[in-house]
Number of protein chains: 2
Amino acid sequence: MAQVNENREENVACITQSSEEKIKEAAKSVFLKKGYAGTTARDIAEAANMNIALTNYYFRSKEKLFVEIFKDLFSLYCNNTLQIFEKPISLREKLIELIEADFQVMKTEPALVLFLMTEIQRDGSRLLPELNKLKELLHGHLTAHIEEEVSKGTMRKIPTESIMPLIMGSLQFVFVGKNLTMKMYNCSEEEFNQFAENHKNIIIDMITEYLFISEEVM
Amino acid sequence: MAQVNENREENVACITQSSEEKIKEAAKSVFLKKGYAGTTARDIAEAANMNIALTNYYFRSKEKLFVEIFKDLFSLYCNNTLQIFEKPISLREKLIELIEADFQVMKTEPALVLFLMTEIQRDGSRLLPELNKLKELLHGHLTAHIEEEVSKGTMRKIPTESIMPLIMGSLQFVFVGKNLTMKMYNCSEEEFNQFAENHKNIIIDMITEYLFISEEVM
DNA sequence: TTTTGTTTTAAACAAATGTTTAAAATTTTA
DNA sequence: TAAAATTTTAAACATTTGTTTAAAACAAAA
């Protein structure tokens, strides 16, 4: 049956992937594109160029493999954010870094947000045990910082829970609607990235101008 | 075989739905929640309280039923927008009306955007023959209006294709992430709607302040 | 009423699904 | 080397899938 892989990642060169890694990587790309329900075990096996039985040999079930991948992708979505929150920089700088980091993640994994949101809606309870952790970190670091700026009068007074959707929403939505946009404007991958980058800069401009009260006015 | 329904909608009272309508409505709600791949013919039959064979009797196949529903929902998503574009009002008023109308649609069908974007990504080619029509209408009405305002100096110079994502993105994203938000903040449907409404007002404020150049400054 | 057409039903269909089996091939250990 | 353990394979498995069938129930027309 499924064995414990003791010496994973201990190779020096690590040019060739193990079968387990091949399957996981293939499954990730198929799940991202087709979602859990739209992906068959045979899709994964074919994408990984492996025998159909190996998926269950290594991961026990399609469900278990999915949950493992979901957690990885959810971390990819959140970890950047959490790291930036902890930096000793101004709130304005944090927000800009946040948008820039988010943009990089989405450039490499454009289907990420749509995938996560869809799967969270479709299930929700089985996933997200670590969601509360995220909430606490987010709130612990952000709320205090925001209230400080507001009380100093350097920032517009806005409900805390609106800040993140405001910052992340406009940018992430561009990638949620990526396929619609590409089809509507008949544009290539490269043209889309160009558009997205430009849009990101507009968002940074708009957000900072709106949220922070310029010192010149005072 | 499937018959032509001649006298549809000619009833005066129309208290009871026809079986065809019951199935379509049930299918709509199941598709919205679970997506095409996640929905089984038996899910639909059960939700409609009808025999499993009736779906194919009235709609030929799951696929055909889906495409019909998708078109309806895509229209729901676009028609508001197109109607507002054609109104003889200022651009600023248009954008505000756009956000307000969009908000109403999403309050009644919160899963709409996530559903559309997911299905467009998963297929794309079979759907959206009418997408070009949308593009032309959108561009025909909007581009001229924007360039006029920009040349008058009453509006910030921004690439046309960035305007709509900027306006719709932040608001729609709140509903794309509805389930994540509700789970994270452990909030009820009503509390979420309260939050969304508040967020909508912030967005209107931010967008108009950013896009339009205040006359007082001049 | 009988006849005709329509709607609904239970049952079955073939194909596709996730998963398991048991043997073969390969690698590791002794 | 031989033995033991691990990995890979082809084939089969029981369910679930979308769809069809053929008869029953119902309604409309004659």
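On a predicted model such as this, the values are computed, not experimentally measured, just so you know. Residue numbers begin at 1 in each chain, while the letters A, B, ... track the order of the sequences. Side chains included, hydrogens not; waters and symmetry mates left out as well; all remaining heavy atoms used.
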Q: Please state how far atom CG in A/L54 lies from atom P in C/dA25, giving the value in whole angstrom units.
A: 16 Å
Q: Could you label the plane-to-plane angle of the B/F70 and B/F74 rings as parallel, tilted or perpendicular, counting under 30° as parallel and over 60° as perpendicular?
A: parallel
Q: List in numerical order all residues of residues 61-68 of chain A for which some heavy atom is under 4.0 Å away from an atom belonging to DNA chain C.
A: A/S61, A/K62
Q: Take atom CD of B/E46 as the centre, draw a 6.0 Å sphere, and report whether it contains more than 12 heavy atoms from other residues, nucleotides or ligands.
A: no
Q) Under a 4.0 Å N-O cut-off, is there an ion pair linking A/K28 with A/D72? A) no
Q: Write down the distance between CZ (A/R60) and P (C/dT21), rounded to a whole number of angstrom.
A: 13 Å
(Q) Before you tell me yes or no, could you show the steps for B/E93 and B/S90 under side chain to side chain donor-acceptor pair (under 3.5 Å), namely the whole-Å CA-CA distance, both residues' side-chain angles and the distance that decides it to 0.1 Å? (A) CA-CA 5 Å; B/E93 286 169 309; B/S90 76; 3.1 Å; yes
I'd like a table of donor-acceptor pairs (distance under 3.5 Å, sequence neighbours excluded) in which one partner is a side-chain atom from residues 95-104 of chain B, with atom names and distances.
{"unit_1": "B/E97", "atom_1": "OE1", "unit_2": "B/K87", "atom_2": "NZ", "d": "2.8"}
{"unit_1": "B/E100", "atom_1": "OE1", "unit_2": "B/K200", "atom_2": "NZ", "d": "3.0"}
{"unit_1": "B/D102", "atom_1": "OD2", "unit_2": "B/Q172", "atom_2": "NE2", "d": "2.8"}

Q. Atom CG of B/N56 to atom P of C/dT7: distance rounded to whole Å?
A. 16 Å
**Q.** Near-strand residues of residues 27-51 of chain A, defined as heavy-atom separation under 4.0 angstrom from DNA chain C
**A.** A/T39, A/T40, A/A41, A/R42
(Q) So that I can tick it off, tell me whether B/E189 and B/K107 are bridged by a salt bridge, with the cut-off set at under 4.0 angstrom between side-chain N and carboxylate O. (A) no
(Q) Under 4.0 Å from OP1 or OP2 of C/dT8: is there any side-chain N or O of B/Y58 that close? (A) yes
Q) Would A/Y36 and A/E63 satisfy side chain to side chain donor-acceptor pair (under 3.5 Å), going step by step from the backbone distance to the final call? A) CA-CA 8 Å; A/Y36 179 77; A/E63 167 84 11; 3.2 Å; yes
Q) Just to confirm, is there a sub-4.0 Å distance from OP1 or OP2 of C/dT19 to any side-chain nitrogen or oxygen of A/T55? A) no
Q) How long is the line joining OH of B/Y57 and P of D/dA24, in whole Å? A) 18 Å
Q) Taking for each residue the nucleotide of DNA chain C with the nearest heavy atom, is it A/I52 or B/S19 whose nucleotide lies nearer the 5' end? A) B/S19
Q: Could you tell me whether the side chains of A/N51 and A/Y57 share a donor-acceptor contact shorter than 3.5 Å?
A: no
